[in-house]
**Student:** 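The structure under discussion is supplied below as structure tokens; questions concerning it will follow.
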Amino acid sequence: MRQILVLILVQVLVLVCGARSPYQSVLQHSRIRGRQQGPNVCAMQQIKGTEKKYFTNCKQWYHRKICGQPTVITYECCPGYEKVIGEKGCPAALPLVNIYHTLGAVGATTTQMYSDRAQLRPEIEGPGSFTFFAPSNEAWAALPNEILDALVSNVNIELLNALHYHMVNKRLTSEELKHGATFTSMYQDFNVHVQHYSNGIVTVNCARLIKPDQHATNGIVHVVDRVITAVSNDIQTIIEVDDDLETLRTAIAAAGLTAMLESGGHYTIFAPTNDAFEKIPPETLNRILGDPIALRDMLNYHILKNMQCAESIVSGVPMETLQGTVLEVGCDADQVTLNGKAIVTKKDQLGTNGVVHYINELLIPDSAKTLLEIAESSNVAMATKLFVEAGLSTHLTGTEALTLMIPLDEAFKGSVTLTPALKTILSQHILKERLSSKSLYHGQELETVGGLKLRVFVYRNNLCIENACIAAHDKMGRYGSMFTVDKLLSPPAGTIMDVLKADDKFSMLVGALQTAGMTELLNQQGALTFFAPTNDAFNSIPTAERTRLMRSSTELSRLLKFHLGEGLLVSGGVSSHTRVQPLQGDKLELGVRNYTVYVNRVPVQDADLMATNGVVHAVNRVIKPLPPKVEREQSDGPSAALRSLSSVRLDSRRLSKEELFKRVVQSRSSQKMPRSK
């Protein structure tokens, strides 16, 4: 069975990989999915409640959704084939007829009718080789009445011109409709613009080919989902002639982008309307409009590097902008979405060098924002409020090159009161330089605006500044950058010895360190991690043993050095099976469970008390060495049994069969007894 499945998979891969274009790949996948229905049957995905159908790719097949809408699977004859009564599937190849009759055969009967009226029929029945992008019946029905009336009332000129614009004077299969290609139409040599997307969708002037590759004796028919119109203006001209885009037009000129939007290319611009600009607070908008760099970044964030028609979007996809970051371009039913929001109000305004989609909200990238604006648009509402209340807004809204370390809301427990001490701590979250986390290195020192020095620690699983570890990607603003961190910063408060003396719960430990002669060690420069036993830890030792221990400097030194690890390890640097080498004894085993750090199975009660020469983690039990790991085979595994059996075999020559059997049974019984206990 497995071999059959592997063989089928290989055949599928060969068929799909052998396809020559994205459309052919999707068509091949639809053929494979429809094979059980008979030869030349294609599986289609139809959006429930609509007539919209798509050839299906792998992702759509398993998700059963297009633009968030559920789909149903339908089975149809693949292009070029038809059913035969009494036979399974679509075994018969369609007979080739001229383009006029092919229009009727593929259901484009309205286009066929208008070809008659415009006296185009003799041309598309006669000699030649044409490609006809034929609007479906629904496409004609969707035209505004005034446009359709204007065409039909002047069939010899307007309607004929419109139909000729849908035609190219040569045969073009979907394979030849390359992405970004233009072809000269039969209407005054105006070009038609083709996009062939990686998801298999092909468009011409942003109209989707819904029935491609319908071959005829004198050409080929591609049925499209809308009536296309001639394109003569570039996207800059589209913006210039529309009063709804007046503010955008002014901004583009101020940013020096006019020439680019007039030049050749394949751009997509999400054009904010005047109303979109008016939604922005005046002080923010005026600041950006008055800053050429921020303005250019903001406008480039609205422009994609390639042409993206609305019909090509069937799910959310990150797309790179000219600004360098990405927009999540997706769809929800028949609406195009940006970063998950349905803000596109008008789609597919086609120009010679791209396409314009109108939006009713302005998109402002981080690179055009102040640090305060970045914080306000991030998931750090509590910290943002505290920074403002602490009077730090001038740092966060000015032009200084700074880095803001801002804690997640989870770092604050319960209601938080802004005390003078908290104000001081918050000011220590602002670093003097504009930094990138990618450039930080272990042991680096960073200076805060208050003059305090903070250390960088690089671990296998985390990057930390003192006890606060970076919890999200950097956000780079106009002048500063923002690091989101998992904890409120705890700057160093003196040496390890100073930290212990300042906390009453370590009073017994301080006395023990003095008895052991270790105070100098904990005051000198270095990088140590101290799993510091609290008074509760010492009190958990039996009284007689504790009294004897506290009198012996040698035993105290040995015990306490087992609690002192080499190197500085904050809690954020601990992952599963982290090991620390103590100053004396075997390695300490660390791990994390339910957000609590454990060292040799002892939970850390109070972590990350930062010192200039290390870090203190309080433990309420004295840490003891873990029991040695006993090999399974040494206790009850097969090796012991084999050793016993081998000893029996050595004496087998001197024993009778009955005695030998008795020895073997006894040996096996003795190996099983520990398990039964």
Side-chain angles (χ1 to χ4, degrees), residues 67 206 233-258 260-262 267-310 313 316-351 353-370 372-378 475 477-478:
C67 287
C206 286
N233 295 327
D234 56 47
I235 53 180
Q236 176 61 28
T237 304
I238 293 173
I239 293 168
E240 284 180 353
V241 300
D242 195 332
D243 290 340
D244 281 344
L245 303 178
E246 183 180 356
T247 309
L248 175 63
R249 180 165 64 249
T250 304
I252 286 172
L257 296 176
T258 303
M260 181 190 76
L261 298 181
E262 288 175 339
Y267 300 109
T268 299
I269 180 165
F270 295 101
T273 61
N274 299 338
D275 290 341
F277 280 95
E278 289 174 6
K279 292 178 182 179
I280 302 300
E283 62 275 12
T284 300
L285 184 58
N286 291 334
R287 176 184 62 77
I288 294 174
L289 292 176
D291 180 348
I293 295 175
L295 179 59
R296 194 179 184 93
D297 265 6
M298 183 185 74
L299 293 175
N300 280 337
Y301 188 56
H302 291 75
I303 304 173
L304 302 180
K305 289 184 173 182
N306 47 54
M307 184 171 155
Q308 206 71 41
C309 296
I313 302 164
V317 181
M319 298 183 184
E320 189 174 359
T321 66
L322 290 186
Q323 184 259 344
T325 53
V326 298
L327 277 175
E328 183 76 16
V329 182
C331 53
D332 183 8
D334 60 348
Q335 293 185 305
V336 176
T337 61
L338 296 180
N339 294 339
K341 300 172 74 175
I343 60 175
V344 175
T345 57
K346 190 191 290 187
K347 300 179 286 190
D348 292 341
Q349 304 304 299
L350 195 64
N353 58 344
V355 64
V356 179
H357 306 291
Y358 289 43
I359 58 175
N360 60 12
E361 281 190 24
L362 193 64
L363 306 171
I364 305 178
D366 290 340
S367 62
K369 293 179 181 178
T370 64
L372 182 59
E373 288 167 348
I374 292 176
E376 287 173 340
S377 60
S378 304
K475 295 196 172 184
R478 173 65 181 93

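The structure presented is a predicted model; accordingly, all values stated were derived computationally and were not measured. Along the sequence shown, the residues carry numbers beginning at 1.
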**Student:** Mark yes or no for whether Asp291, through its side chain, and Arg287, through its backbone, hold a donor-acceptor pair below 3.5 Å.
**Tutor:**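 No: the side chain of Asp291 does not pair with the backbone of Arg287.
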
**Student:** Side chains of Leu257 and Asn300: closer than 4.5 Å at any heavy-atom pair?
**Tutor:**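 A side-chain contact under 4.5 Å exists here.
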
**Student:** What distance separates Thr345 OG1 from Asp275 CG, expressed to the nearest 0.5 Å?
**Tutor:**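 So the OG1 of Thr345 and the CG of Asp275 are separated by 9.0 Å.
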
**Student:** Test side-chain contact (heavy atoms from CB on, under 4.5 Å) on Lys347 and Val336 and set out the steps.
**Tutor:** CA-CA 8 Å; Lys347 300 179 286 190; Val336 176; 3.7 Å; yes

**Student:** Applying side-chain hydrogen bond (donor to acceptor under 3.5 Å, both in side chains) between Ser367 and each of Arg296, Gln323, Arg478, report the one that passes.
**Tutor:**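 Output: one option passes, namely Gln323.
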
**Student:** Indicate yes or no: at least one non-hydrogen side-chain atom of Asp242 is less than 4.5 angstrom from one of Val356.
**Tutor:**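 Of all side-chain heavy-atom pairs linking Val356 with Asp242, none is under 4.5 Å.
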
**Student:** Of the options Val317, Leu338, Thr321, Thr337, which is the one that meets Val329 in a side chain to side chain contact (heavy atoms under 4.5 Å, CB included)?
**Tutor:**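 Running side chain to side chain contact (heavy atoms under 4.5 Å, CB included) over Val317, Leu338, Thr321, Thr337 with Val329 returns exactly one hit, Leu338.
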
**Student:** Return the minimal non-hydrogen interatomic distance between Phe270 and Ile359, and the atom names on each side.
**Tutor:**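 Taking every non-hydrogen atom into account, O-CD1, 3.7 Å.
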
**Student:** Once rounded to the nearest 0.5 Å, what's the spacing between atom CD1 of Ile269 and atom CD of Gln349?
**Tutor:**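 Reported value, rounded in 0.5 Å steps: 12.5 Å.
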
**Student:** Tell me every residue that passes ring pair (Phe, Tyr, Trp, His ring centres under 6.0 Å) with His302, counting only those two or more places apart in sequence or in another chain.
**Tutor:**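 For His302, no residue satisfies ring pair (Phe, Tyr, Trp, His ring centres under 6.0 Å) once neighbours in sequence are set aside.
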
**Student:** Any donor and acceptor pair, going by atom type alone, linking the side chain of Asp234 with main-chain N or O of Gly351 inside 3.5 Å?
**Tutor:**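 No; zero donor-acceptor contacts below 3.5 Å.
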
**Student:** Roughly how far apart are Ile238 CD1 and Tyr358 OH, rounded to 0.5 Å?
**Tutor:**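 It comes to 7.0 Å.
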
**Student:** Once rounded to the nearest 0.5 Å, what's the spacing between atom CG of Leu350 and atom CG of Asn233?
**Tutor:**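 Between Leu350 CG and Asn233 CG, I get 10.5 Å after rounding to 0.5 Å.
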
**Student:** Could you name each residue pair satisfying side chain to side chain donor-acceptor pair (under 3.5 Å) that touches residues 243-255, not counting sequence neighbours?
**Tutor:**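 For residues 243-255: Thr247-Asn274.
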
**Student:** Taking all atoms of both residues into account, what is the closest heavy-atom pair of Leu299 and Ala251, and its distance?
**Tutor:**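 It is CD1-O, 3.4 Å.
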
**Student:** Just so I know, are the side chains of Thr284 and Glu373 near enough to count as touching, which here means a heavy-atom distance under 4.5 Å?
**Tutor:**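 In short, these two side chains touch, coming nearer than 4.5 Å.
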
**Student:** Say whether, by atom type as modelled, one donor and one acceptor occur between the side chain of Asp348 and the main chain of Ala310 under 3.5 angstrom.
**Tutor:**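 Side chain of Asp348 to backbone of Ala310: a pair is present.
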
**Student:** When you measure from the side chain of Asn353 to the backbone of Leu261, do you find a donor-acceptor pair of N or O atoms at a distance under 3.5 Å?
**Tutor:**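 Such a contact is found between Asn353 side chain and Leu261 backbone.
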
**Student:** Of all residues at least two apart in sequence or in a different chain, which pass the ring pair (Phe, Tyr, Trp, His ring centres under 6.0 Å) check with Tyr301?
**Tutor:**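 Partners of Tyr301 by the ring pair (Phe, Tyr, Trp, His ring centres under 6.0 Å) criterion come out as none, since no residue qualifies.
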
**Student:** Taking all non-hydrogen atoms of both residues, which atom of Leu362 and which atom of Ala276 are closest, and how far apart?
**Tutor:**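 Minimum heavy-atom separation between Leu362 and Ala276: N-CB, 3.8 Å.
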
**Student:** Find the distance between NZ (Lys346) and OG1 (Thr273) and round it off to the nearest 0.5 Å.
**Tutor:**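 So the NZ of Lys346 and the OG1 of Thr273 are separated by 10.0 Å.
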
**Student:** Taking side chain as C-beta onward, heavy atoms only, is Gln335 less than 4.5 Å from Val344?
**Tutor:**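 Gln335 vs Val344: side chains apart.
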
**Student:** Got a second to check how far Glu361's CD is from Asn339's CG, nearest 0.5 Å?
**Tutor:**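 It comes to 10.5 Å.
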
**Student:** Ala254 and Leu295: which non-hydrogen atoms are nearest, and at how many Å?
**Tutor:**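 Closest heavy-atom pair between Ala254 and Leu295: CB-CD2, 3.8 Å.
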
**Student:** Within the 4.5 Å heavy-atom criterion, are Gln308 and Val355 side-chain neighbours or not?
**Tutor:**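 Counting from C-beta outward, Gln308 and Val355 never come under 4.5 Å.
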
**Student:** State, to 0.1 Å, how close Ile364 and Met298 come at their nearest heavy-atom pair, and which atoms those are.
**Tutor:**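 It is CG1-SD, 4.2 Å.
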
**Student:** Determine whether Met319 and Thr268 make a side-chain contact, defined as any pair of heavy atoms from C-beta on separated by less than 4.5 Å.
**Tutor:**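 Answer no - side chains too far apart.
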
**Student:** Taking all non-hydrogen atoms of both residues, which atom of Ala368 and which atom of Ala294 are closest, and how far apart?
**Tutor:**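 In this case the closest contact between Ala368 and Ala294 is CB-O, 3.6 Å.
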
